[in-house]
Amino acid sequence: MNVFRRFLPTKFGFKTSKKSCYAPGICSIHSSPDCVVEVHSPEQEVIIALGSNVGNRLNNFDEALHLMKQSGIQITRHACLYETAPAYVTDQPQFLNSAVRGVTKLGPHELLRALKKIEKDMGRTNGIRYGPRPIDLDILFYGKFKIHSEILDVPHERIWERPFVVAPLIDLLGSDIDNDTVASWHSFSKHSSDFFELWEKLGGESLVGRNGMKRVLPVGNHLQDWSLKTSLMGILNLTPDSFSDGGKYISVEAAVSQVRLMLSEGADMIDFGAQSTRPNASKISVEEELDRLIPVIEAVTKIPEAEGKLLSVDTFYSEVASEAVKKGVHLVNDVSGGRLDSSMYSVVAALRVPYIAMHMRGDPSSMQNPENLQYNDVCKDVAFELYERLKEAELAGIPAWRLIIDPGIGFSKNTEHNLDILTGLTTIRAEIARRSLAFSHAPLLIGPSRKRFLGDVCARPAADKRDPATVAAVTTGVLNGANVVRVHNVQYNADALRLCDALLERKLR
């Protein structure tokens, strides 16, 4: 029997009466002309849609989320960001659309008033219907209830015909039903048994990237569509002891020269690392890491070749991340996934930059200990542990639309684990999707470059002799769904990515 059909309205704890009842903490919701549903719960789970096409759309979203929290809405999940062509009134700029899921003690009409006040405070005026607006906030769902009044209809009767609403709505769910409130939302779908079926009838994932609808991630001054091509991240180690090229780029001049070379060979971004994370590496202080890092970032941001390219900082210290972003870095790449600095999530949330969360157990000095190499199923276990870290990051204020995931090849993994991950990236996405479809759509980064497992397989003990094996590993990863690859040898891998992208494009035809 379909799981959604097991949840009938009579099981949702509704109390109905033909007479309205008003008391502290009780909100009256008209579900029919002669029936009032009384909500006694002090807190309700809600979904709110966001749209903007005037001014800085992303800043509008950030400001709206801030004001929503101040108004008594605790945000627990964020959908992805979608840039979409305008509907109904087409002679206007493109919209940015998303949605959030949260909990509130506000009654439905109190919630509506709070959202309308936010819209007004952010400059929305009574213009033409469906016309341009700095922010548009709509209640999609309120608890388990259908609401009909003179000023509020929940769910909105036109949700079902709007892909730009259904796509972010789907993102806020998992392919598994996590509670009976979510089951009730599925049961409200007018045209099918659940939202997943409705989404497929509208076109599903085939709509994304077509018909004026793109899933984007904000980075730098751009909204990046990671599906257009595989991105290439060049590694710049500013350490004396990295496993592959330690000591080669510790001077500013040598570092800048290497950045110029990688950019000329096709790198889309550069990842600066000033602390070694090789197995058994010892931590250095924040101060020492900054001393190595900041002069190089300052020099690189001044070279013309870096114009329009993305810069990333590879660090597990929140203070280093903050200083690097202030100097012009666009992304934070944390090998610990927030485990080695309790302030990392809150700092990155305030910085409003993309965050790469990598899977690792322990720290670089302990990650290869036997207890950290125990998995029942490495892909499923890594997916679950990554999901837990992403959820913590999101609750700390980093929206799903700013998250990038890295399964951590070579970190707390043996050779067999690394091979399983390269061929099991679709499994990792599917396992994450069980709990959050938004997280499962996040760009996926892999970093197999010159790792020890390649040497084990190919009998290449010297790290700098593993570039051909790296190309093979990168190719495998990209054809299995990776969006970003992190490598030492940019030239070889740039050619591999061009071929992979050409193959994937033909497969979609």
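Computed from a prediction, not measured in an experiment: that's the story for all the values here.
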Contact summary for G72 and T104, nearest pair of heavy atoms: O-OG1, 2.9 Å
From CG (L351) to CD1 (I398), nearest 0.5 Å: 9.0 Å
Gap between atom CZ of R101 and atom CG of L172 - 0.5 Å precision: 7.0 Å
R429 (side chain) donor-acceptor with S440 (main chain) under 3.5 angstrom: yes
E319 atom CD, neighbour heavy-atom count above 12 within 6.0 Å: no
Min side-chain heavy-atom separation L232-V487 under 4.5 Å: yes
N/O donor-acceptor pair under 3.5 Å between S436 side chain and A433 backbone: no
Sidechain N-carboxylate O distance under 4.0 Å for E392, R339: yes
CG on L198 to CG on L169, rounded to 0.5 Å: 8.5 Å
D176 vs R434, salt bridge (Lys or Arg N to Asp or Glu O under 4.0 Å): CA-CA, chis, key distance, verdict: CA-CA 5 Å; D176 290 350; R434 290 178 54 203; 2.9 Å; yes
Lys/Arg-Asp/Glu bridge criterion (N-O < 4.0 Å) met for E83, R215: no
Heavy-atom pair with the smallest gap, counting every atom of G481 and L444: O-CB, 4.3 Å
Approximate separation, where rounding is to 0.5 Å, of I432 CD1 and K380 NZ: 13.5 Å
Validation row, ring centre F411 to ring centre H359 under 6.0 Å: no
Side-chain donor/acceptor of E119 to backbone N/O of K116, under 3.5 Å: no
Derivation and outcome, side-chain contact (heavy atoms from CB on, under 4.5 Å), residues L67 and K117: CA-CA 10 Å; L67 294 174; K117 183 178 186 303; over 6 Å; no
Flag, side chain of N418 to backbone of G410, donor-acceptor distance under 3.5 Å: yes
Step-by-step side-chain contact (heavy atoms from CB on, under 4.5 Å) determination, L50 to N97: CA-CA 6 Å; L50 300 89; N97 287 292; over 6 Å; no
Heavy-atom side-chain proximity of P448 to V474 below 4.5 angstrom: yes
Student check: side-chain heavy atoms of D138 and I48 closer than 4.5 Å: no
Side-chain donor-acceptor contact under 3.5 Å, N372 with S412: no
Heavy atoms from other residues, nucleotides or ligands near CD of Q70 exceed 12 (cutoff 6.0 Å): yes
Beyond-backbone contact of I404 with L217, side-chain heavy atoms, under 4.5 angstrom: yes
S98 and H78: side chain donor to acceptor below 3.5 Å: no
Lys/Arg-Asp/Glu bridge criterion (N-O < 4.0 Å) met for D178, R435: no
L503 vs D501 side-chain heavy atoms within contact, under 4.5 Å: no
Neighbour count >12 (heavy atoms, 6.0 Å) for atom NZ, K69: yes
Matching residue for Y355 among L390, N333, I405, V348 - test: side-chain contact (heavy atoms from CB on, under 4.5 Å): V348
K327, NZ atom: more than 12 neighbouring heavy atoms under 6.0 Å: no
Shortest non-hydrogen separation from Q224 to S231 and the atoms involved: NE2-OG, 3.8 Å
Check ion pair D136-R133 (N to O, under 4.0 angstrom): yes
W160-F195 aromatic ring centre distance below 6.0 Å: yes
Side-chain touch R124/V54, heavy atoms, less than 4.5 angstrom: no
Chi angles and distances behind the side-chain contact (heavy atoms from CB on, under 4.5 Å) call for V332, I356: CA-CA 6 Å; V332 174; I356 304 170; over 6 Å; no
Side chains of D341 and S318, donor plus acceptor under 3.5 Å: yes
Trace of the side-chain contact (heavy atoms from CB on, under 4.5 Å) decision for D268 with L310: CA-CA 7 Å; D268 302 295; L310 301 179; over 6 Å; no
Salt bridge K201-E197, side-chain N to carboxylate O under 4.0 Å: yes
Minimum side-chain heavy-atom gap T230-N483 below 4.5 Å: no
Closest contact, heavy atoms only, F61 versus L96: CZ-O, 3.1 Å
Cationic tip of R361 above Y375 ring, under 6.0 Å, 45° of axis: yes
Donor-acceptor side-chain pairing of Y82 and D171 below 3.5 angstrom: yes
Spacing of M122 atom CE and S52 atom OG [to the nearest 0.5 Å]: 7.0 Å
Sidechain N-carboxylate O distance under 4.0 Å for K146, D153: no
Separation between CD1 of I47 and CG of L173, rounded to the nearest 0.5 Å: 5.5 Å
Side-chain (D180) to main-chain (A183) donor-acceptor, under 3.5 angstrom: no
Residues E388 and K391 bridged, charged N to O under 4.0 Å: yes
Validation row: L445, R486 side chains within 4.5 angstrom (heavy atoms): yes
Salt bridge (charged side-chain N to carboxylate O under 4.0 Å, His left out): pairs with one or both residues in residues 401-410, sequence neighbours excluded: D62-R402
Considering all heavy atoms, the nearest A321-V313 contact: CA-CG1, 4.3 Å
Ion pair R77/E394, N-O distance below 4.0 Å: no
G174 versus F196, closest heavy-atom pair with distance: O-CZ, 3.3 Å
Whether R57 side chain and G51 backbone form a donor-acceptor pair below 3.5 Å: no
